[in-house]
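Throughout, protein chains are lettered first and strands after them, A, B, ... in sequence-line order, and every chain is numbered starting at 1.
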Amino acid sequence: MAGIDYVTVTSDVLDLAALTDMVGREDAGAISTFIGTTRNSFKGREVVRLEYEAYGTMAEKQMKIICATLREKFSVINIAIAHRIGVVPVRETSVIIAVSSAHRIDSLQAVHYGIDAVKELVPIWKKEFYADGSVPEWKENCEGCTRTLNAH
Amino acid sequence: MAGIDYVTVTSDVLDLAALTDMVGREDAGAISTFIGTTRNSFKGREVVRLEYEAYGTMAEKQMKIICATLREKFSVINIAIAHRIGVVPVRETSVIIAVSSAHRIDSLQAVHYGIDAVKELVPIWKKEFYADGSVPEWKENCEGCTRTLNAH
Amino acid sequence: MADTINAQVLFFARSRELAGVSSVKLQVPVETTPKELLSLISAAYPALLPLVDSAAIAVNEEFKSSATALTLSSGDVVAVIPPISGG
Amino acid sequence: MADTINAQVLFFARSRELAGVSSVKLQVPVETTPKELLSLISAAYPALLPLVDSAAIAVNEEFKSSATALTLSSGDVVAVIPPISGG
């Protein structure tokens, strides 16, 4: 039975319960999720909020590629990848990955792989705003890394 | 700042959103969850429901031990482990583990370790009921395994 | 004869079904092992024999290894723990 | 002179802020590479120079490796992709 690959880039608040319910299925014994939230600090500086921007159409394409890769590597049933754009205040959710599988190891590994892949391959950017009023900064998931992006 | 170790064995429906919100915290950038659900089959036989039974007080003690182990091994903030008892119909949730951390790898690894530990150490049992009317069976997480339980 | 105490013994899941009870009081040795306890309990409840090799023993809500030397006291709670299947 | 086309170039995040625009039309060579495109785009928008070494290029919503030989067509969309930070 073909599984769901649900992807979205949205300015709406993300609904964990809805996404988890979406990936559930009668033959699934396991659902794993990852939820990225806005932290109140970064390297000692107080963060008041994050603002996200996306190349929306390409981001969703890249997410579909990630779904296909997850299906190649793991025995999964349904996949949901959702990313929020616009302002995301402290404690709120910016990204959710939810994956279902018959047995737990597959969804656990798939979610881990999936969030790493999102952070590497999906054209979305966050800008950090600080309490001390200093200049807001565009962040990089891979500061100082050797770039592997283009190998894909 | 000391973190939450929330554990519960309950006949109530488990609330993923509430548990996830419980483990969230301003300094958490990541929350990972595992949700175990009732599958509609086991080795080719159609399952209509599961019934769970627990040695409740000991189960919660063992869950607290698991929380302590997670804190030794991973840099986590808050932990919630909830297990449902009584009838759990197909697609419904029997167990939730939710863990928050500053960075994703810790909560991802802690949840994986945590569900494995629950399945190994927490005195809860499930009985499977089949559509073909055959005798319901008490399952074992570790059928044919060398028992390591008592080493703990 | 070695000293004995009157211990509360709990049964769960398959052990409860086989024993036909959830809880009993049994005379057990003060100095014993989980292996010995299982033998003794299954002597009192022969229907439990199929579980003797796979069940664990918990004393006061702590798992005890099969050959651990135990010293039991009045009021101790012994549980017969069949292979678990939670999660 | 080699053939050129009028490509749509998109800017995001820091590249959008530095360029001061989200989208422009630029004459670019039909035969090119991402590295060459970045040089050409930053010649048109010198404020983008700090990003030349860290940005990637996507053509029609696909990442292209730095030295990949590209053949562009009318209507192609080129995006300047700063280092990403989603998730």
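Contacts between residues 88-101 of chain A and chain B, counted as heavy-atom pairs separated by less than 4.5 Å, involve A:Val90, A:Arg91. Taking non-hydrogen atoms and a 4.5 Å limit, the residue list of residues 15-35 of chain A in contact with chain B, ordered by number, reads A:Leu16, A:Thr20, A:Asp21, A:Gly24, A:Arg25, A:Glu26, A:Asp27, A:Ala28, A:Gly29, A:Ala30, A:Ile31, A:Ser32, A:Thr33, A:Phe34, A:Ile35. Along residues 74-85 of chain B, no residue comes nearer than 4.5 angstrom to chain A, judged on non-hydrogen atoms.
With contacts defined as side-chain heavy-atom distances shorter than 4.5 Å, the pair A:Glu60/A:Val122 does not qualify. Proximity of B:Trp125 to B:Glu140: side-chain heavy atoms (C-beta onward) are nowhere separated by under 4.5 Å. Side-chain contact check for A:Ser41 versus A:Glu46: every heavy-atom pair is 4.5 Å or farther apart. Within the 4.5 Å cutoff, side-chain heavy atoms of A:His103 are placed close to those of B:Arg39.
With values rounded to the nearest 0.5 angstrom, A:Tyr113 atom OH is found 7.5 Å from A:Leu70 atom CG. To the nearest 0.5 Å, atom NZ of residue B:Lys127 and atom CH2 of residue B:Trp138 are 5.5 Å apart. The distance from the CD atom of A:Glu51 to the CD atom of A:Glu128 is 11.5 Å, given to the nearest 0.5 Å.
Just one residue in the list A:Arg45, A:Lys126, A:Lys43 forms a salt bridge (charged side-chain N to carboxylate O under 4.0 Å, His left out) with A:Glu137, and that residue is A:Arg45.
When all heavy atoms of A:Leu14 and A:Thr10 are compared, the closest pair comes out as CD2-CG2, 3.7 Å. What you find for A:Lys119 and A:Asn141 is that their closest heavy atoms are O-ND2, 2.8 Å.
Using a distance-only test at 3.5 Å, with no hydrogens or angles considered, a donor-acceptor pair links the side chain of B:Lys64 to the main chain of B:Asp5. Between the side chain of B:Gln62 and the main chain of B:Leu121, a donor-acceptor pair closer than 3.5 Å is present.
Between chain A and the residues B:Thr38, B:Asp116, B:Leu108, the most heavy-atom pairs under 4.5 angstrom are made by B:Leu108.
Residues passing the side-chain contact (heavy atoms from CB on, under 4.5 Å) test with A:Lys61 are D:Glu61, sequence neighbours excluded.
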